[in-house]
Amino acid sequence: MGDLFLVRHGETEWSRSGRHTGWTDVPLTEHGRQEARRLAPLIRSHHIGAAFVSPLRRARETAELIGVPDARVDADLREWDYGGYEGVTTPEIQRTRPGWFLFTDGVAPGPPEHPGESPEQVGERADRMLAKVDAALCETEGIVLLVAHGHFLRVLTARRLGLPAGRGALFQLATGTLCRLGTEHERPVVAGWNIRPPS
């Protein structure tokens, strides 16, 4: 099992204000673009054997800015479907659901095209993506890179480590950062988290 790089897209207006951003195609802010550009030298210093990106433009633009414009678009990398909580902040949700926590309580139902996902459903998607990652690691030399979204990548990390999807709560993930999942004694480990280049 080789190394897996995870990049969360750069800042958007909604990520800055804490609004849950699933399917809404919010663009990067200029600060978000700068976050992505600063990661480019870190990415270039490694051999990327394969790269995948979420279909949403905030992730695709991040992939371009970090130097992997040919990353394969994969719908399994899209962000958590927040259903009825799309665009809503945690404090707003907790006004009517005190103590609500995404990773244990899931989301309120949304419209038919975006009904929402449970933590377990996001975990199933993460497992599908990890199967593709493992196939790519077998087919190529080098690191596999995923450019996607905060909550989804947290769940994917939990699943990579053999934890339930809800344990993604343990891995706070900032915008415009690089994380590295590697192995130690043939077991998956977190080798680096929320990495940013020196200012």
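Remember, predicted model here, so these are calculated numbers, not experimental data.
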When the side chains of residues 48-59 are checked against the rest of the protein, which donor-acceptor pairs come out under 3.5 Å, sequence neighbours left out?
{"residue": "Ser54", "atom": "OG", "partner": "Leu56", "partner atom": "N", "Å": "3.2"}
{"residue": "Ser54", "atom": "OG", "partner": "His149", "partner atom": "NE2", "Å": "2.7"}
{"residue": "Arg57", "atom": "NE", "partner": "Asp25", "partner atom": "O", "Å": "3.0"}
{"residue": "Arg57", "atom": "NH2", "partner": "Asp25", "partner atom": "O", "Å": "3.1"}
{"residue": "Arg58", "atom": "NE", "partner": "His9", "partner atom": "NE2", "Å": "3.4"}
{"residue": "Arg58", "atom": "NE", "partner": "His149", "partner atom": "ND1", "Å": "3.4"}
{"residue": "Arg58", "atom": "NH1", "partner": "Thr24", "partner atom": "O", "Å": "2.8"}
{"residue": "Arg58", "atom": "NH2", "partner": "Thr21", "partner atom": "O", "Å": "2.9"}
{"residue": "Arg58", "atom": "NH2", "partner": "Gly22", "partner atom": "O", "Å": "3.0"}

Solution key, residues 103-114 side-chain donor-acceptor pairs under 3.5 Å, sequence neighbours excluded:
{"residue": "Thr104", "atom": "OG1", "partner": "Phe101", "partner atom": "O", "Å": "3.3"}
{"residue": "Asp105", "atom": "OD2", "partner": "Phe101", "partner atom": "N", "Å": "2.8"}

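To the nearest 0.5 Å, atoms CZ (Phe152) and CE (Met129) are separated by 7.0 Å. Note: Leu130 CG to Arg125 CZ = 12.0 Å, rounded to the nearest 0.5 Å. With values rounded to the nearest 0.5 angstrom, Asn194 atom CG is found 11.5 Å from Phe171 atom CZ. For the atom pair CG (Leu170) and CG (Leu163), the distance works out to 7.5 Å, reported to the nearest 0.5 Å. A distance of 9.5 Å separates CG in Leu39 from CD1 in Ile195, rounded to the nearest 0.5 Å.
Partner of Leu4 under the side-chain contact (heavy atoms from CB on, under 4.5 Å) criterion, chosen from Thr183, Val133, Ile143: Val133.
Other residues, nucleotides and ligands contribute only 12 or fewer heavy atoms inside 6.0 Å of the CZ atom of Arg167.
Note on Val73: it clusters hydrophobically with Ile43, by side-chain heavy-atom contacts below 4.5 Å among ILVMFWY residues. Clustering ILVMFWY residues whenever any of their side-chain heavy atoms sit less than 4.5 angstrom apart, transitively, puts Trp80 in a cluster other than the one holding Val26. By the criterion of side-chain heavy atoms lying less than 4.5 angstrom apart, applied directly or through intervening Ile, Leu, Val, Met, Phe, Trp or Tyr residues, Leu156 is not grouped with Val147; the two fall into different hydrophobic clusters. With hydrophobic clusters built from ILVMFWY side chains whose heavy atoms lie under 4.5 angstrom apart, Val144 shares a cluster with Leu161.
Checking Gln121 against Asp81 by side-chain atom types alone, no donor-acceptor pair falls below 3.5 Å.
The shortest distance between side-chain heavy atoms of Phe5 and Leu181 does not fall below 4.5 Å. In this structure the side chain of Cys179 never reaches within 4.5 angstrom of the side chain of Arg8, judged on heavy atoms. Contact check for Leu145 versus Val7: side-chain heavy atoms found under the 4.5 Å cut-off.
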Chi angles and distances behind the side chain to side chain contact (heavy atoms under 4.5 Å, CB included) call for Leu28, Leu65: CA-CA 11 Å; Leu28 298 179; Leu65 292 169; 4.2 Å; yes
Stepwise side chain to side chain contact (heavy atoms under 4.5 Å, CB included) check, Tyr82 with Val88: CA-CA 9 Å; Tyr82 299 118; Val88 185; over 6 Å; no
Steps toward side chain to side chain contact (heavy atoms under 4.5 Å, CB included) verdict (Leu6, Leu178): CA-CA 6 Å; Leu6 312 177; Leu178 170 68; over 6 Å; no
Worked verdict on Thr90 versus Gln94 for side chain to side chain contact (heavy atoms under 4.5 Å, CB included): CA-CA 6 Å; Thr90 296; Gln94 290 177 339; 3.6 Å; yes
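Judged purely by atom type and a 3.5 angstrom limit, Arg78 uses its side chain to pair as donor or acceptor with the backbone of Ala75. In terms of modelled atom types and a separation under 3.5 Å, the side chain of Glu79 and the main chain of His151 share a donor-acceptor contact. Side chain of Thr62 to main chain of Gly10: a donor-acceptor pair is present (N/O by atom type, distance under 3.5 Å, no hydrogens or angles).
Checked for salt-bridge contact, Glu30 and Arg37 meet the test: a charged N lies under 4.0 Å from a carboxylate O. Using a 4.0 Å cut-off between charged side-chain N and carboxylate O, Glu184 and Arg187 make no salt bridge.
The side-chain contact (heavy atoms from CB on, under 4.5 Å) check on Arg19 picks up Trp14, Ser17, Thr89, with sequence neighbours excluded. Legend: residues meeting ring pair (Phe, Tyr, Trp, His ring centres under 6.0 Å) with Trp100, ordered by chain and number and at least two apart, are His20, Tyr85. Looking at residues two or more places apart in sequence or on another chain, you find a side-chain contact (heavy atoms from CB on, under 4.5 Å) between Arg196 and Glu35, Ala174, Thr175, Thr177.
Residues Ser45 and Leu42 share a closest heavy-atom pair of OG-O, 2.7 Å.
Residue pairs meeting the salt bridge (charged side-chain N to carboxylate O under 4.0 Å, His left out) criterion with at least one member in residues 62-76, sequence neighbours excluded: Asp74-Lys132, Asp76-Arg128, Asp76-Lys132.
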